[in-house]
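Notes follow once the structure below has been shown.
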Protein chains: 2
Amino acid sequence: MNEFEIVVETESPCHYRRALEVVSSKWTVLVFYELEEEKKRYSDLKRRVEGVTQKMLTQTLRQLERDGLVERFVYPTVPPTVEYALTELGKSLIEPMRVLHRWTDAHYDSVLEARKVFDQANG
Amino acid sequence: MNEFEIVVETESPCHYRRALEVVSSKWTVLVFYELEEEKKRYSDLKRRVEGVTQKMLTQTLRQLERDGLVERFVYPTVPPTVEYALTELGKSLIEPMRVLHRWTDAHYDSVLEARKVFDQANG
DNA sequence: CTGAATCCAAGCAGATACTG
DNA sequence: CAGTATCTGCTTGGATTCAG
């Protein structure tokens, strides 16, 4: 903490929105949950994240690596071995994600029900 | 709680992913923060959510309404008055959003720094 | 004021083929 | 095994126009 720290009392939604991009891509969360258990190889992720294409998995991992949430380890074997693991920064995001996850488990049925009602009332 | 409720001990990332869609659209969070303060008229939202187009605002509000997070009140005045407010379900999502927001405030600089490092190391 | 409808350009994602 | 490269269809979002 430095004395010049600016305490933002008001919300900073734009900032927040950008941060959401960190976790809001289609495959990011799925990969995250896999890596939360333990570090995994590319092929393991490919196998375990159902429906992900090779392109999307690579793209997702690159983005997570770029954001400093995931670290990539290359071992000069033949054939190549590449492992991915969460960084400390990545691990720090797990609990916030869990909170959202809990909201899901508690309320997602309500959302689905609301949609049903809405769709019947409209087209 | 009914006795046949299935308690899912394992993670349900797919379910979670769907729920994230609730809050991950570009404008959703911005609108949400506006409505958190108090209910607002369409034109107020349009003015306060910087950069949003009429199409996107309407689309966002429709989706939130459909998900049961926002309620729409139409008053038969001339010209028309339409107000939007968070529902109880919507309000229940605020705290989880705040948690993510706090993570942002605490760590987003680290993400930006990581990106800088990554981009310099690569192209 | 609060939208709906349409057109269009840009970006995203799937499929496929190729490589160290 | 772990990717890169390319092509292509689809979705998304901005701009514009019209309407109750």
Side-chain angles (χ1 to χ4, degrees), chain A residues 13-14 17-18 20-32 34-35 38-67 70-85 118-119 121-123, chain B residues 13-14 17-18 20-32 34-35 38-67 70-85 118-119 121-123:
Chain A
C14 282
R17 194 187 80 198
R18 288 179 176 281
L20 253 187
E21 291 171 3
V22 173
V23 294
S24 69
S25 105
K26 187 173 182 182
W27 301 106
T28 295
V29 180
L30 301 179
V31 169
F32 227 82
E34 290 298 328
L35 292 182
E38 55 177 349
K39 67 178 188 296
K40 291 202 172 76
R41 297 186 59 173
Y42 181 88
S43 49
D44 290 331
L45 291 170
K46 178 79 176 64
R47 195 177 319 110
R48 298 174 64 106
V49 179
E50 195 178 322
V52 72
T53 61
Q54 170 270 324
K55 177 184 176 180
M56 282 301 100
L57 180 56
T58 299
Q59 188 172 304
T60 300
L61 288 167
R62 281 292 169 284
Q63 188 184 315
L64 288 173
E65 188 191 357
R66 178 170 182 260
D67 288 350
V70 156
E71 202 166 0
R72 181 171 177 265
F73 300 95
V74 183
Y75 304 99
T77 58
V78 178
T81 301
V82 180
E83 284 182 342
Y84 292 90
F118 183 90
D119 291 344
N122 301 269
Chain B
C14 282
R17 194 186 79 196
R18 288 179 176 281
L20 255 186
E21 291 171 3
V22 173
V23 294
S24 69
S25 106
K26 187 174 180 179
W27 302 105
T28 296
V29 180
L30 302 178
V31 169
F32 226 83
E34 289 299 327
L35 293 182
E38 55 177 348
K39 67 177 188 295
K40 290 202 173 75
R41 295 186 59 176
Y42 181 89
S43 50
D44 290 331
L45 291 170
K46 178 78 174 64
R47 194 177 321 108
R48 297 174 64 105
V49 179
E50 195 177 323
V52 73
T53 61
Q54 171 265 322
K55 178 183 176 180
M56 282 301 99
L57 180 56
T58 299
Q59 187 172 304
T60 300
L61 288 167
R62 282 292 168 284
Q63 188 186 316
L64 289 173
E65 188 192 358
R66 178 169 182 260
D67 288 348
V70 156
E71 203 166 0
R72 181 170 177 265
F73 301 95
V74 183
Y75 304 100
T77 57
V78 178
T81 300
V82 179
E83 284 182 344
Y84 292 89
F118 182 91
D119 290 343
N122 302 269

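Please read these numbers as outputs of a predicted model, since none were measured by experiment. In what follows, chains carry the letters A, B, and so on, assigned in the order in which the sequence lines appear, proteins first and then strands, with residues in each chain numbered from 1.
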Query raised in the report: side-chain contact (heavy atoms from CB on, under 4.5 Å) between A/Glu34 and A/Val31: does it pass, once the steps are laid out?
Result: CA-CA 5 Å; A/Glu34 290 298 328; A/Val31 169; 5.6 Å; no
Requested in this report: With side-chain contact (heavy atoms from CB on, under 4.5 Å) as the test, would you mind laying out the steps for A/Thr60 and A/Val49 before giving the verdict?
Outcome: CA-CA 12 Å; A/Thr60 300; A/Val49 179; over 6 Å; no
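Nearest heavy-atom pair, B/Arg72 versus B/Tyr84, reported as atom, atom and distance to 0.1 Å: NE-OH, 3.3 Å. A pairwise comparison of heavy atoms in B/Lys46 and B/Thr53 identifies CE-C, 4.1 Å as the closest pair. Across every non-hydrogen atom of A/Tyr75 and A/Glu83, the tightest pair is OH-OE1, 3.3 Å. Considering every non-hydrogen atom in both B/Thr77 and B/Pro79, the closest pair reads OG1-O, 2.7 Å. For the residue pair A/Phe73 and A/Ala85, the shortest heavy atom distance occurs at CE1-CB, 4.0 Å.
Side-chain nitrogen and oxygen atoms of B/Tyr42 include none within less than 4.0 Å of the OP1 or OP2 phosphate oxygen of C/dA4. Between B/Arg72 and C/dG3 there is a side-chain polar atom (N or O) within less than 4.0 angstrom of OP1 or OP2. For C/dC1, neither phosphate oxygen OP1 nor OP2 lies less than 4.0 angstrom from any side-chain nitrogen or oxygen of B/Arg41.
Partner of B/Asp44 under the salt bridge (charged side-chain N to carboxylate O under 4.0 Å, His left out) criterion, out of B/Arg41, B/Lys40, B/Arg47: B/Arg47 alone.
Closest approach to the A/Gln54 side chain among C/dG3, C/dT16, C/dA13 is made by C/dT16 (side chain taken as heavy atoms from C-beta onward).
Within 4.0 Å (heavy atoms only), B/Gln59 reaches sugar-phosphate atoms of the nucleic acid but no base atom. Counting any heavy atom pair closer than 4.0 Å across all strands shown, A/Lys46 reaches no nucleic acid atom.
In 5' to 3' order, the nucleotides of DNA chain D bounding all contacts with chain B (an atom under 4.0 Å from a heavy atom) are D/dG13 to D/dG20.
Between the CG atom of A/Leu57 and the P atom of C/dG14 there is a distance of 12 Å, given to the nearest Å. We find that CG of B/Leu45 is positioned 14 Å from C1' of C/dG3, with the value rounded to whole Å. For the pair A/Met56 CE and C/dA15 P, the computed distance is 11 Å after rounding to whole Å.
With rounding to the nearest 0.5 angstrom, the CG atom of A/Leu35 is 10.0 Å from the CZ atom of A/Arg48.
Note that the two end axes of the helix from C/dC1-D/dG20 to C/dG20-D/dC1 enclose an angle of 50°, each drawn from 5 base pairs, rounded to 10 degrees.
Both B/Thr58 and B/Arg47 lie near DNA chain C, and the one whose nearest nucleotide falls closer to the 5' end is B/Arg47. Two residues, A/Arg62 and B/Thr53, neighbour DNA chain D, and the one matched to the more 5' nucleotide by heavy-atom proximity is A/Arg62.
Side-chain contact check for B/Leu30 versus B/Val52: every heavy-atom pair is 4.5 Å or farther apart.
If you check residues 74-81 of chain A against DNA chain D, the residues with a heavy atom closer than 4.0 Å are A/Pro79, A/Pro80, A/Thr81, listed by number.
Between the side chain of B/Tyr42 and the backbone N or O of B/Gln54, at least one donor-acceptor pair lies under 3.5 Å.
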